[in-house]
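Below: one structure, written as structure tokens.
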Number of protein chains: 2
Amino acid sequence: MPVSPQDRFIETLGLISQTEGSPRISGQILGCLVLANEPLSLTEIAERLDVSKASVSTNVRLLEIRGMARREAMRGSRQDHWAVVENPHQQVLATLADRFRRNADTVKSIAADFPEDDSGEGARVAGFAEFYLRSADFLDSWAQTLATTDQHEKETPPHVG
Amino acid sequence: MPVSPQDRFIETLGLISQTEGSPRISGQILGCLVLANEPLSLTEIAERLDVSKASVSTNVRLLEIRGMARREAMRGSRQDHWAVVENPHQQVLATLADRFRRNADTVKSIAADFPEDDSGEGARVAGFAEFYLRSADFLDSWAQTLATTDQHEKETPPHVG
DNA sequence: CGTATCGTTCAATATGTACTGAACGATATT
DNA sequence: AATATCGTTCAGTACATATTGAACGATACG
């Protein structure tokens, strides 16, 4: 039988998530939430994807840490519900920027430990740190661009000096 | 005994490589080449990192595919030698941009398969494709900036759109 | 030619981690 | 208070892949 567009979208996000070094299920959950466009319970997600509730529990919280999903309370239900945030990708870029900034710090401190007359080793290492630092800046400005040029223009975009 | 700055740099690049979803050794090799600043043979790299020549062979070619290292012939030696390219990160960004563009294509074709009256599912999927496409553009322009900008002068990020 | 020195490939192993099922604590319901 | 319904945690398993040692083909050297 033919696979529905929904299933293909979910599976594709799972594969992308996997190639980016994250659990496949986290991408699938994201796709699930995007399609639903309304808060889903843990059980609903688990049944939709045919995986254990334990996996959904851990991975949905991973999405929360990355800023792509948020927990919501639904009146009349004891269950937690989960939904995608308004601009999920923007949050991811910010997280990535943080990681790059940590890389920059780490490498920079290493570069400082090289002696002066090292035939340029320390300078080249410092160049790496420089790259990571500038990358972090780029990612932030990129996220900013996403925020201000959102195609739906639902509200006035936040301006950060 | 205290670990040398060189070893810490190599190990750090290995860890970064690992968290980005690539083999640890590929990052270590990169660090090795950056420190040496001169073409190294397969054997030299393997001995420096204390790993098998097989691993170095496969992973140094991975670096080549990603555009970060290049093979060099040294006169007077039958061995292949390897060196980092001038601007390694620039190439990586271009590779990443390609991947995002493929993501965009895949998701876009899926979005096209949704019916019109799907309560916005297709539109939201298309939004994902849009993000990947714009991301690819941004990565390209970013790489361009790295290419034309000197290591030490800083430039304002480009605006995509 | 025969030999030695390369780099690559391939099957096998080691290793990390994603994922699951079951147990647990916490909260709501009766 | 007793029971039921949640979500999370944790030990164990399954799985993917990074890494290795050995075998191989190719090329240079004697």
Side-chain angles (χ1 to χ4, degrees), chain A residues 10-33 36 39-66 68-83 99, chain B residues 10-33 36 39-66 68-83 99:
Chain A
I10 288 175
E11 192 56 32
T12 298
L13 287 196
L15 291 178
I16 290 176
S17 176
Q18 196 168 3
T19 62
E20 285 174 356
S22 296
R24 168 188 290 205
I25 287 189
S26 67
Q28 293 176 326
I29 293 174
L30 178 63
C32 208
L33 297 180
L40 296 180
S41 75
L42 206 79
T43 307
E44 285 172 330
I45 299 172
E47 289 178 351
R48 172 71 172 89
L49 300 177
D50 197 35
V51 295
S52 71
K53 296 207 302 182
S55 284
V56 176
S57 176
T58 58
N59 282 285
V60 82
R61 274 175 293 158
L62 176 63
L63 289 178
E64 185 180 38
I65 290 176
R66 304 215 174 147
M68 305 190 81
R70 68 164 183 277
R71 202 186 299 242
E72 266 189 28
M74 297 279 283
R75 59 166 297 174
S77 174
R78 286 174 50 191
Q79 299 184 146
D80 289 347
H81 282 66
W82 295 86
R99 202 162 79 193
Chain B
I10 287 175
E11 191 57 31
T12 298
L13 288 197
L15 291 179
I16 291 176
S17 177
Q18 196 168 3
T19 61
E20 286 175 355
S22 295
R24 168 188 291 203
I25 288 190
S26 67
Q28 292 175 326
I29 293 174
L30 179 63
C32 208
L33 297 179
L40 296 180
S41 75
L42 206 82
T43 308
E44 286 172 329
I45 299 172
E47 288 177 351
R48 172 70 174 88
L49 299 177
D50 197 37
V51 296
S52 71
K53 296 207 302 181
S55 282
V56 177
S57 176
T58 58
N59 282 285
V60 82
R61 274 176 294 159
L62 176 62
L63 289 178
E64 187 182 34
I65 289 175
R66 302 210 175 155
M68 305 191 81
R70 68 164 182 277
R71 203 186 298 243
E72 264 190 28
M74 296 279 282
R75 58 166 300 173
S77 172
R78 287 175 49 192
Q79 299 183 146
D80 289 347
H81 282 66
W82 295 86
R99 202 161 78 193

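Chain letters run A, B, ... following the sequence lines, proteins first and then strands; every chain starts at 1.
- Legend: residues meeting side chain to side chain donor-acceptor pair (under 3.5 Å) with Gln79(A), ordered by chain and number and at least two apart, are Ser41(A).
- Here the side chain of Arg61(B) pairs a donor or acceptor atom with the backbone of Ser57(B) at under 3.5 angstrom.
- Atom CD of Glu44(A) is separated from atom P of dG7(D) by 10 Å (rounded to the nearest Å).
- An OP1 or OP2 oxygen of dT20(D) is reached within less than 4.0 angstrom by a side-chain nitrogen or oxygen of Ser52(B).
- Checking side-chain atoms of Ser17(B) against main-chain N and O of Arg24(B) turns up no donor-acceptor pair under 3.5 Å.
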Go along nucleotides 22-30 of chain C 5' to 3' and tag each nucleotide: B for a protein heavy atom under 4.0 Å from its base, S when only backbone or sugar atoms are that close, - otherwise.
-----BS--
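- Rounded to whole Å, the distance from CG on Leu49(B) to P on dA18(D) is 17 Å.
- Trp82(A) places none of its side-chain heavy atoms less than 4.5 Å from the side chain of Glu44(A).
- In this view, Pro39(A) and Glu72(A), Met74(A), His81(A), Ala83(A) satisfy the side chain to side chain contact (heavy atoms under 4.5 Å, CB included) rule, not counting sequence neighbours.
- Computed from coordinates, the Glu47(A) CD to dT20(C) P distance equals 14 Å when rounded to whole Å.
- In terms of the side chain to side chain donor-acceptor pair (under 3.5 Å) criterion, residue partners of Ser52(A) (sequence neighbours excluded) are, by chain and number, Ser55(A).
- As rounded to whole Å, 5 Å separates atom P of dG7(D) from atom CG of Leu42(A).
- One finds no side-chain N or O of Ser57(A) lying less than 4.0 angstrom from the OP1 or OP2 phosphate oxygen of dG7(D).
- Separating the CD atom of Gln79(B) from the P atom of dT27(D) is a distance of 17 Å, rounded to the nearest angstrom.
- The CG atom of Asn59(A) sits 12 Å away from the C1' atom of dT17(C) (whole-angstrom rounding).
- In this structure the side chain of Met68(A) never reaches within 4.5 angstrom of the side chain of Leu33(A), judged on heavy atoms.
- The CG atom of Asp80(B) sits 17 Å away from the P atom of dT5(C) (whole-angstrom rounding).
- Near DNA chain C, meaning a heavy atom under 4.0 Å away, there are no residues from residues 17-29 of chain B.
- Between Arg61(A) and the phosphate of dT9(D), there is a side-chain N or O to OP1/OP2 separation shorter than 4.0 Å.
- Between the C1' atom of dT20(D) and the CG atom of Asp50(B) lies a distance of 12 Å, rounded to the nearest Å.
- Residues satisfying the side chain to side chain donor-acceptor pair (under 3.5 Å) criterion with Thr43(A), sequence neighbours excluded, are absent altogether.
- Residues Ile10(B) and Arg48(B) form a side-chain contact, since some pair of their non-hydrogen atoms from C-beta on lies under 4.5 Å apart.
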